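Notes follow once the structure below has been shown.
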Amino acid sequence: MLSTPSDEAMAAETLALVDCNSFFASCERVFQPRLKNRPVIVLSNNDGCVVARTDEAKALGIPMGVAFFKVRDLVKKNGVHVFSSNFALYGDFSARVMKTLSGFTPELEIYSIDEAFLSLKGFESRSLTDYARSIREAVMQNVGIPVSIGLAPTKVLAKVANQVAKKKNGGVFDLSSQKTQDEVLNYFPVEDIWGVGRQSTEKLHRLGIRTAKQLRDAEPCFIQKILTVVGRRILDELKGTPCIRLEQESRNKKQMICSRSFGKPIYELSELKEAVACYVTRVAERLRGEKSVCNALQVFIQTNRFKEDAYFNITTLHFITGTSATPRLITAAHEGLERIYRSGYAYKKAGVILLDFTLENQKQLSLFDSEQQEADEKRMKIVDQINRKMGQDTVKMAACGTERAGPRSESRSPCYTTRWGDLLCVG
DNA sequence: TCTGGGGTCCTAGGACCC
DNA sequence: TCTGGGGTCCTAGGACCC
């Protein structure tokens with residue numbers, strides 16, 4: 001069923017999509033102003049692939065998401081500045097950006113670490129373009145991060161507007177009028193629309209639909225048949241009919257994942273068990289932070305997915321009573337690992353997923369092991385307290401092992417804003 | 001030699017029930 | 001020849017996003 005929001009709730013209003021330009025790279029530049037106008041890239045975990053590029057790096061032909069080893073020569077030849085990712089730093093910058101934005105509207109949806117939708121309802125009396133410019137200036141002034149802002153009546157159109165703003169118009173573009181929509185959508189490639197991925201693009205191209213305008217003006221029922229209700233919604237949004245509402249409340253999570261690729265391949269079950277115990281520890285901390293317990297856990301392992309004889313397996317374990325106690329979760333994860341482990345493979349990655357959440361204070365207690373459960377919970381609270389105060393893994397389960405090989409991250413910047421020892425010294 | 005991590009939503013198909 | 005059928009719940013897998 002296609003959800004059709006009530007007219008009242010979705011009356012025509014202007015949305016602004018604020019998106020930080022080359023976010024991670026821009027964060028790094030704040031501390032190294034000499035990198036302004038220079039190519040900068042930021043790498044993923046393990047220095048595996050490129051996850052952020054400045055315009056200068058894009059211009060050199062470094063694609064998003066490319067494996068770093070594939071562009072290493074290009075990077076060297078052009079003096080591209082390379083950073084390993086530093087998520088503590090980016091998270092802190094993100095919070096500062098969002099705080100600034102929240103001063104401009106009471107209705108704000110934080111969509112991702114570097115993007116937010118703002119409702120500008122009630123601000124129409126002045127030019128919204130001017131208002132957007134003042135938002136841009138405030139973020140630059142307060143946080144030092146450049147942003148682009150797209151204005152439009154729906155989220156999909158605001159995304160389009162934002163992409164136009166990134167390329168021209170001084171970082172702000174208003175796509176509210178029908179005339180501008182006709183002009184822009186006419187040249188806007190269908191594959192650049194938010195929600196249209198590789199598979200959908202292929203289907204649309206086969207049908208001769210190459211521009212956003214062609215998709216907007218296609219027969220809605222036909223598009224729904226081809227691209228499901230998801231495609232139908234995109235079409236409606238392109239027409240200016242809002243179908244994807246602003247979500248101000250952060251929704252309760254449905255799953256939590258902790259997974260990592262290994263620096264070197266792992267062969268032994270015992271080593272996998274250690275790694276997985278660490279992932280369980282991380283994700284269980286987060287679960288307790290949300291005051292929830294989980295009723296199921298999944299564990300997976302995989303070999304190099306780019307090789308032909310790759311092996312991947314995942315298994316699910318259910319709990320009779322919800323839990324967030326690390327030892328119980330580790331036991332379950334290890335049981336799962338034993339089920340799916342096959343000897344002789346070179347494992348490259350493993351992960352743990354927690355699912356099926358209940359609030360801690362609403363969980364069912366089992367008649368038989370409630371005492372044990374209570375003891376577990378008390379113990380975990382103490383462990384969390386100590387680790388919060390003294391640093392991650394001050395107290396941890398023996399199952400995690402003692403070696404801390406850690407991921408490869410050769411070019412990590414200091415945690416300037418979140419670790420006292422890394423504060424920048426002036427003078 | 002080297003290829004991220006954390007999420008969401010939708011659909012199809014199987015199990016089960018009456 | 002032909003063997004109920006409709007509803008609900010759950011899960012796996014696909015597609016997409018940042």
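Fair warning: this is a prediction, and the values are worked out from it, not measured in the lab.
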Q) Base, sugar-phosphate alone, or nothing: which one does A:E115 contact when heavy atoms must sit under 4.0 Å apart? A) sugar-phosphate
Q) What pairs meet the salt bridge (Lys or Arg N to Asp or Glu O under 4.0 Å) rule with one or both residues in residues 293-319 of chain A, with sequence neighbours excluded? A) none
Q: Please list residues of residues 307-320 of chain A whose heavy atoms come under 4.0 Å from any atom in DNA chain B, ordered by number; otherwise none.
A: none
Q.
If the condition is ring-ring contact (aromatic ring centres under 6.0 Å, His included), which residues does A:F23 pass it with, not counting sequence neighbours?
A. none
Q.
For DNA chain B, which residues of residues 348-359 of chain A approach it to below 4.0 angstrom with any heavy atom?
A. A:K348, A:K349
Q: Grab the stems for DNA chain C, please: at least three consecutive Watson-Crick or wobble pairs, both distances below 3.5 Å, written as range with range.
A: B:5-18 with C:5-18
Q) A:F69 on top of B:dT1's base, within under 5.5 Å and under 30°? A) no
Q. Do A:F24 and A:F87 make the cut of ring centroids closer than 6.0 angstrom?
A. yes
Q: Measure from the side-chain heavy atoms of A:V229 and tell me the nearest of B:dC10, B:dG4, C:dC18.
A: B:dC10
Q) Does OP1 or OP2 of B:dC10 have a side-chain N or O of A:R233 closer than 4.0 Å? A) yes
Q: Look at A:S44 and B:dT3 and indicate whether a side-chain polar atom (N or O) is within less than 4.0 Å of OP1 or OP2.
A: no
Q: Rounded to whole angstrom, note down the C1' distance from C:dG4 over to B:dC16.
A: 15 Å
(Q) Please enumerate all residues that pass side chain to side chain donor-acceptor pair (under 3.5 Å) together with A:E338, with sequence neighbours excluded. (A) A:K273
Q: Establish, yes or no, whether a centroid distance under 6.0 Å links the rings of A:Y90 and A:F93.
A: no
